[in-house]
Amino acid sequence: MRIHLPNSAWLGNIDPFLRRFDPRDQKSLRITANKKWISVHPMILAMIASLGQVVPRGNIACEPLEARSKHYFERMRLFKFLGIDSGIEMTEHEPAGRFVPLTQIKNSSSLTSFITEMIPLLHLTPAHAEPIRYIVSELVRNVIEHAESMHGAFVAAQYYAKSNSIRIGISDSGIGIRRTINRSYNAPDDLSAIRLALMPGVTGTTRREGGTEQNAGAGLFFIKSIAAVNSDFFAIYSGTGFYKLLKQRARRRHVLHADPFDDRHSAGNDFPSWPGTAVGIDMKLDENETFSALLDHVRETYARAVRERRRTRFKKPIFV
Amino acid sequence: MTVAVRPLAGAFAENKDLARDIRLQKILPALERGEIVTVDFADVTGATQSFIHALVSDLFRKYGNDVLDRILFKNCNETVQKVITIVSEYMQESA
């Protein structure tokens, strides 16, 4: 496999980075990079870290980074998880910044500890911490429960002062969304599976309305809704499918849709096949709705979606 | 009977495994005995939909919507109240 760290790859312009990923030959991984400056979303760090777990150690090669921003990747622990000595020396007493370095989470109790430790690292106020811990908990728990990856989830997050926003990336090298959803549904391709996974009340564990006692099928819908209401980016990539929630127009951002294709978005089903699932989300801190107000919007859409789905299954009277 | 969530699930109630344990080990036996159960969220600052679903959804399946007459939610902050409301409405819509 080959992956290239570009000059710039954020959720808004991540598509060319994904298109350039070469998934052939899964026994080796070669990483190349822009020579001048590399500036990428935490989702990309999480993706590369999880990718590195499925390749035999010793078969991962990363060309020596020359970019001036190379220290960032060492500080975010990317090379540690790839088992590579980067040769990059960190300056002592470098300011810590507001970031959560790459962290591998394999089980439920580690997730609980991670969430507790994550918030102080990002220096968040309680109001800002609320949606962020919610998002991380639901996304990582999805990996632990459904991805069937012995390597668990990789998570990274970073605060960006210029945009006053938190960007979060989570990735796994598991079975992917399509195989998970198709335990109960019949998604013909990866993008269709992503679409189903984002709908409220759809879970791979059952087709029954209300879900099972442990799964409601609402986690991804809630997270997409948080991004939509705040007019932030949200991206999800699994297999050849890629869905990106675009920034919603100011007047329409409170209108939540059960079907993610009804939101302002871009999507494709012809991306290089990603072995697992990767998710990225941005969250602006200066103009977001309170978490409580956001739940009001979610509540309305969530219940309506169930009603509408039940209605489609109603039998119609036959008039002769 | 009162079940305090904070000592069992922490300040941010997100661990579904713990929610299931609370349901199976505390709430269900009390309901089986015919008791009214008070779930106390004192000092719980937040809860995920997944946690609340794992805590109560199966109770709707076992006892129907009337379970809401037998289980009370105490000391819930605004967001915890809303998450409980969302899950309760969802389970009733799904019945």
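Below, chain A is the first sequence line, B the second, and so on; all start at residue 1. Computation of the quantities below employed the complete heavy-atom set of this structure, encompassing side-chain atoms and omitting hydrogens, waters and symmetry-equivalent molecules.
Looking at residues two or more places apart in sequence or on another chain, you find a ring-ring contact (aromatic ring centres under 6.0 Å, His included) between A:F261 and A:H265.
In plain terms, the two heavy atoms of B:V83 and A:L295 that are nearest each other are CG2-CD1, 3.8 Å. Counting all heavy atoms, side chain and backbone alike, A:T212 lies closest to B:S57 at O-OG, 3.9 Å. For the pair B:K16 and A:N215, the tightest heavy-atom approach, listed with the atom from each and the gap, is NZ-ND2, 3.4 Å. The nearest pair of heavy atoms linking B:E78 to A:S292 is OE2-OG, 2.8 Å.
Per-residue counts of heavy-atom pairs under 4.5 Å with chain A were compared for B:D58, B:V87, B:I86; the largest is that of B:I86. Most heavy-atom pairs under 4.5 Å with chain B: of the set A:L111, A:V298, A:D296, this distinction falls to A:D296.
A side-chain N or O of B:T45 and one of A:R133 form a donor-acceptor pair less than 3.5 Å apart.
For a residue to count as touching a neighbouring chain, one of its non-hydrogen atoms must lie under 4.5 Å from one of that chain's; by this rule A:E130 touches chain B with the side chain only. Of the atoms belonging to A:T116, not a single heavy atom falls under 4.5 Å from chain B. Interface residue A:F222: only side-chain heavy atoms are found under 4.5 Å from chain B. Contact annotation for B:A47: only backbone heavy atoms (N, CA, C, O) come within less than 4.5 Å of a heavy atom of chain A. Only the side chain of A:I115 comes within contact range of chain B, judged by heavy atoms closer than 4.5 Å.
A side-chain donor-acceptor contact under 3.5 Å links B:Y90 to the backbone of A:A216.
Near-neighbour residues of residues 137-155 of chain A relative to chain B, defined by a heavy atom under 4.5 Å from a heavy atom of that chain, comprise A:S137, A:E138, A:R141, A:E145.
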Next on the checklist: Determine whether B:R20 and A:Q214 satisfy the following criterion, side chain to side chain contact (heavy atoms under 4.5 Å, CB included), listing intermediate values before the conclusion.
Outcome noted: CA-CA 8 Å; B:R20 182 196 54 215; A:Q214 285 295 95; 3.5 Å; yes
Item to check | From CA spacing to verdict: side chain to side chain contact (heavy atoms under 4.5 Å, CB included), A:Y302, B:E89 | outcome: CA-CA 9 Å; A:Y302 192 41; B:E89 287 181 355; over 6 Å; no
Item to check | Test side chain to side chain contact (heavy atoms under 4.5 Å, CB included) applied to A:R208 and B:R61, step by step | outcome: CA-CA 12 Å; A:R208 186 181 182 185; B:R61 291 261 161 81; 3.0 Å; yes
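One finds the CG atom of B:D17 at 9.0 Å from the OG atom of A:S109 (value rounded to the nearest 0.5 Å).
In summary, A:E213 and B:R23 engage in a salt bridge, as defined by a charged side-chain N under 4.0 Å from a carboxylate O.
In this structure, A:Y134 and B:Q49 have side chains that are in contact, with non-hydrogen atoms separated by less than 4.5 Å.
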